[in-house]
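In this chain, numbering begins with 1 at the start of the sequence shown. Both counts, for ligands and for their atoms, begin at 1 and track the order of listing.
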Amino acid sequence: MPIKNNNKSAAAASRTPEAESALKELFIDEIKDIYWAEKHLATALPKLIKGATSEDLKQTITTHLEETKNHVTRLESVFESIGEKATAKKCLAMEGLLNEATELLSDTDKGTEVRDVAIISAAQKVEHYEIASYGTLRTLAGTLGYNEAQSLLDETLAEEKKADSLLTGVAENYVNEAAAAETE
Ligand SMILES: [Fe+2]
Ligand SMILES: [Fe+2]
(Lines give C-alpha, C1' and ligand atoms only; values in the text may rest on other atoms or scores of the structure.)
(Ligands and ions follow the chains in the order given, each with its own letter.)
Protein backbone atom coordinates (compact mmCIF):
# COMPACT_ATOMS: atom_id res chain seq x y z
CA MET A 1 0.00 0.00 0.00
CA PRO A 2 1.43 3.42 -0.89
CA ILE A 3 2.19 5.90 1.85
CA LYS A 4 -0.44 8.62 1.83
CA ASN A 5 0.01 12.35 2.37
CA ASN A 6 3.76 12.24 2.17
CA ASN A 7 4.27 16.02 2.01
CA LYS A 8 7.89 16.70 2.82
CA SER A 9 8.85 19.77 4.84
CA ALA A 10 12.03 21.70 4.08
CA ALA A 11 13.73 19.96 7.02
CA ALA A 12 12.65 16.57 5.71
CA ALA A 13 13.95 17.39 2.24
CA SER A 14 17.42 18.07 3.65
CA ARG A 15 17.48 14.87 5.73
CA THR A 16 19.64 11.98 4.47
CA PRO A 17 17.78 8.83 3.41
CA GLU A 18 19.44 7.00 6.34
CA ALA A 19 18.21 9.57 8.85
CA GLU A 20 14.75 9.50 7.28
CA SER A 21 14.51 5.73 7.53
CA ALA A 22 15.82 5.73 11.13
CA LEU A 23 13.11 8.23 12.08
CA LYS A 24 10.49 6.16 10.30
CA GLU A 25 11.67 3.05 12.13
CA LEU A 26 11.44 4.88 15.46
CA PHE A 27 7.94 6.09 14.63
CA ILE A 28 6.73 2.58 13.74
CA ASP A 29 8.35 1.15 16.84
CA GLU A 30 6.65 3.70 19.07
CA ILE A 31 3.29 3.11 17.42
CA LYS A 32 3.67 -0.61 18.14
CA ASP A 33 4.48 0.24 21.76
CA ILE A 34 1.42 2.44 22.31
CA TYR A 35 -0.74 -0.09 20.44
CA TRP A 36 0.21 -2.73 23.02
CA ALA A 37 -0.29 -0.18 25.82
CA GLU A 38 -3.81 0.77 24.70
CA LYS A 39 -4.88 -2.85 24.25
CA HIS A 40 -3.72 -3.76 27.73
CA LEU A 41 -5.23 -0.65 29.24
CA ALA A 42 -8.58 -1.64 27.74
CA THR A 43 -8.37 -4.95 29.62
CA ALA A 44 -7.26 -3.29 32.90
CA LEU A 45 -9.72 -0.37 33.14
CA PRO A 46 -12.72 -2.59 34.05
CA LYS A 47 -10.83 -3.60 37.24
CA LEU A 48 -10.45 0.06 38.18
CA ILE A 49 -14.14 0.73 37.46
CA LYS A 50 -15.11 -2.25 39.62
CA GLY A 51 -12.75 -1.12 42.40
CA ALA A 52 -14.01 2.48 42.47
CA THR A 53 -16.69 3.65 44.89
CA SER A 54 -17.59 7.13 43.66
CA GLU A 55 -20.18 7.05 40.87
CA ASP A 56 -18.50 10.07 39.35
CA LEU A 57 -15.19 8.21 39.16
CA LYS A 58 -16.78 5.02 37.84
CA GLN A 59 -18.49 7.05 35.11
CA THR A 60 -15.35 8.96 34.14
CA ILE A 61 -13.33 5.76 33.75
CA THR A 62 -16.19 3.97 31.96
CA THR A 63 -16.34 6.77 29.39
CA HIS A 64 -12.60 6.61 28.95
CA LEU A 65 -12.71 2.82 28.55
CA GLU A 66 -14.90 3.34 25.48
CA GLU A 67 -12.47 5.99 24.21
CA THR A 68 -9.55 3.64 24.87
CA LYS A 69 -11.13 0.93 22.71
CA ASN A 70 -11.42 3.59 20.03
CA HIS A 71 -7.75 4.47 20.47
CA VAL A 72 -6.89 0.87 19.62
CA THR A 73 -8.86 0.97 16.35
CA ARG A 74 -7.58 4.45 15.57
CA LEU A 75 -4.02 3.14 15.86
CA GLU A 76 -4.95 0.41 13.39
CA SER A 77 -5.92 3.24 11.01
CA VAL A 78 -2.55 4.89 11.69
CA PHE A 79 -0.76 1.65 10.74
CA GLU A 80 -2.91 1.39 7.63
CA SER A 81 -2.29 5.02 6.63
CA ILE A 82 1.46 4.37 6.43
CA GLY A 83 1.13 0.96 4.81
CA GLU A 84 2.21 -1.05 7.87
CA LYS A 85 0.61 -4.10 9.42
CA ALA A 86 -0.82 -3.43 12.92
CA THR A 87 1.54 -5.14 15.37
CA ALA A 88 1.82 -4.78 19.14
CA LYS A 89 5.16 -4.61 20.92
CA LYS A 90 5.21 -5.04 24.68
CA CYS A 91 5.24 -1.67 26.45
CA LEU A 92 7.18 -2.10 29.68
CA ALA A 93 6.09 1.32 30.94
CA MET A 94 2.36 0.55 30.65
CA GLU A 95 2.93 -2.91 32.10
CA GLY A 96 4.59 -1.29 35.12
CA LEU A 97 1.88 1.35 35.52
CA LEU A 98 -0.84 -1.30 35.40
CA ASN A 99 1.03 -3.50 37.89
CA GLU A 100 1.18 -0.51 40.21
CA ALA A 101 -2.55 0.04 39.78
CA THR A 102 -3.23 -3.59 40.76
CA GLU A 103 -0.97 -3.18 43.79
CA LEU A 104 -2.82 -0.02 44.86
CA LEU A 105 -6.12 -1.90 44.67
CA SER A 106 -4.82 -4.66 46.90
CA ASP A 107 -3.26 -2.18 49.36
CA THR A 108 -6.50 -0.22 49.91
CA ASP A 109 -9.87 -1.30 51.30
CA LYS A 110 -12.96 -1.70 49.19
CA GLY A 111 -15.52 1.08 49.58
CA THR A 112 -13.10 3.69 50.93
CA GLU A 113 -12.46 7.09 49.44
CA VAL A 114 -8.75 6.49 49.92
CA ARG A 115 -9.02 3.70 47.35
CA ASP A 116 -10.70 6.12 44.95
CA VAL A 117 -7.82 8.57 45.38
CA ALA A 118 -5.39 5.72 44.67
CA ILE A 119 -7.36 4.80 41.53
CA ILE A 120 -7.33 8.42 40.31
CA SER A 121 -3.59 8.57 40.91
CA ALA A 122 -2.98 5.36 38.94
CA ALA A 123 -5.28 6.46 36.11
CA GLN A 124 -3.62 9.87 35.84
CA LYS A 125 -0.16 8.31 35.67
CA VAL A 126 -1.42 6.26 32.73
CA GLU A 127 -2.94 9.34 31.06
CA HIS A 128 0.28 11.30 31.45
CA TYR A 129 2.24 8.47 29.87
CA GLU A 130 -0.21 8.44 26.97
CA ILE A 131 -0.14 12.23 26.59
CA ALA A 132 3.68 12.17 26.40
CA SER A 133 3.60 9.31 23.89
CA TYR A 134 0.96 10.79 21.61
CA GLY A 135 2.56 14.24 21.82
CA THR A 136 5.83 12.81 20.51
CA LEU A 137 4.11 10.62 17.93
CA ARG A 138 1.96 13.37 16.42
CA THR A 139 5.06 15.57 16.04
CA LEU A 140 7.07 12.72 14.55
CA ALA A 141 4.22 11.96 12.13
CA GLY A 142 4.30 15.62 11.01
CA THR A 143 8.08 15.50 10.59
CA LEU A 144 7.75 12.41 8.42
CA GLY A 145 4.94 13.94 6.34
CA TYR A 146 2.35 11.43 7.55
CA ASN A 147 -0.50 13.92 7.63
CA GLU A 148 -3.32 11.42 8.00
CA ALA A 149 -1.53 9.65 10.87
CA GLN A 150 -0.86 13.01 12.49
CA SER A 151 -4.51 14.03 12.54
CA LEU A 152 -5.57 10.62 13.90
CA LEU A 153 -2.96 10.90 16.67
CA ASP A 154 -4.11 14.45 17.42
CA GLU A 155 -7.67 13.22 17.97
CA THR A 156 -6.48 10.67 20.52
CA LEU A 157 -4.15 13.16 22.19
CA ALA A 158 -7.09 15.53 22.73
CA GLU A 159 -9.13 12.73 24.35
CA GLU A 160 -6.24 11.76 26.64
CA LYS A 161 -5.90 15.36 27.80
CA LYS A 162 -9.62 15.60 28.39
CA ALA A 163 -9.64 12.35 30.39
CA ASP A 164 -6.77 13.65 32.51
CA SER A 165 -8.54 16.90 33.28
CA LEU A 166 -11.80 15.10 34.08
CA LEU A 167 -9.90 12.93 36.58
CA THR A 168 -8.42 16.07 38.13
CA GLY A 169 -11.95 17.41 38.42
CA VAL A 170 -13.19 14.28 40.19
CA ALA A 171 -10.27 14.48 42.61
CA GLU A 172 -10.66 18.15 43.36
CA ASN A 173 -14.42 18.31 43.61
CA TYR A 174 -15.16 15.27 45.61
CA VAL A 175 -12.79 12.50 46.50
CA ASN A 176 -9.85 14.28 48.12
CA GLU A 177 -12.14 16.07 50.54
CA ALA A 178 -13.89 12.87 51.54
CA ALA A 179 -10.59 11.04 52.05
CA ALA A 180 -9.36 13.79 54.37
CA ALA A 181 -12.60 13.54 56.39
CA GLU A 182 -12.12 9.75 56.77
CA THR A 183 -8.76 10.16 58.47
CA GLU A 184 -9.98 12.83 60.91
FE1 LIG B 1 -5.63 6.04 25.00
FE1 LIG C 1 -6.11 7.26 28.05
Side-chain angles (χ1 to χ4, degrees), residues 26-82 84-105 115-144 146-176:
L26 174 70
F27 178 75
I28 294 167
D29 227 56
E30 298 275 305
I31 291 283
K32 289 178 178 173
D33 177 284
I34 197 76
Y35 185 51
W36 189 98
E38 293 280 23
K39 282 180 140 188
H40 281 259
L41 181 58
T43 67
L45 286 178
K47 281 180 243 164
L48 296 188
I49 296 165
K50 195 164 171 254
T53 303
S54 144
E55 271 312 312
D56 205 10
L57 180 55
K58 276 181 186 286
Q59 195 47 55
T60 302
I61 302 178
T62 301
T63 303
H64 197 54
L65 170 60
E66 289 316 305
E67 288 174 336
T68 299
K69 289 176 187 167
N70 234 324
H71 298 171
V72 172
T73 53
R74 202 176 277 145
L75 284 170
E76 287 161 2
S77 303
V78 170
F79 279 112
E80 203 188 329
S81 77
I82 60 164
E84 290 289 325
K85 189 171 169 278
T87 322
K89 188 181 158 199
K90 190 174 192 176
C91 170
L92 295 174
M94 184 61 80
E95 186 183 46
L97 288 168
L98 296 177
N99 284 344
E100 261 190 35
T102 305
E103 201 177 288
L104 282 170
L105 283 177
R115 171 176 276 191
D116 278 3
V117 173
I119 289 172
I120 292 171
S121 142
Q124 284 197 295
K125 284 178 189 176
V126 165
E127 291 316 306
H128 283 233
Y129 176 75
E130 290 184 306
I131 290 166
S133 301
Y134 282 106
T136 303
L137 282 168
R138 55 89 49 208
T139 302
L140 206 43
T143 302
L144 289 162
Y146 298 155
N147 298 350
E148 190 183 341
Q150 186 176 32
S151 73
L152 290 163
L153 294 165
D154 275 337
E155 279 180 60
T156 298
L157 178 60
E159 287 174 5
E160 307 294 16
K161 286 181 177 171
K162 190 173 144 234
D164 181 50
S165 87
L166 287 174
L167 286 165
T168 299
V170 176
E172 286 176 356
N173 294 338
Y174 174 66
V175 182
N176 281 345

**Message:** Within 2.8 Å of the Fe ion (ligand 2), is there any N, O or S atom belonging to E67?
**Reply:** no
**Request:** Determine yes or no for a side-chain-to-main-chain donor-acceptor pair under 3.5 angstrom, with K58 supplying the side chain and I49 the backbone.
**Result:** yes
**Request:** Report yes or no: does R115 contribute a side-chain atom to a donor-acceptor pair with the main-chain N or O of A52 at less than 3.5 Å?
**Result:** no
**Asked** Can you tell me the angle formed at the Fe ion (ligand 1) by OE1 of E38 and OE2 of E160, to 10°?
**Response** 150°
**Prompt:** F79 vs Y35 aromatic rings, parallel, tilted or perpendicular, using cut-offs 30° and 60°?
**Reply:** perpendicular
**Prompt:** If you look at E130, which of its N/O/S atoms is nearest to the Fe ion (ligand 1)?
**Reply:** OE2
**Message:** I'd like to know: is the Fe ion (ligand 2) within the 2.8 Å range of an N/O/S atom from H71, strictly under that distance?
**Reply:** no
**Message:** Heavy-atom count check: over 12 atoms from other residues, nucleotides or ligands less than 6.0 Å from K161 NZ?
**Reply:** no
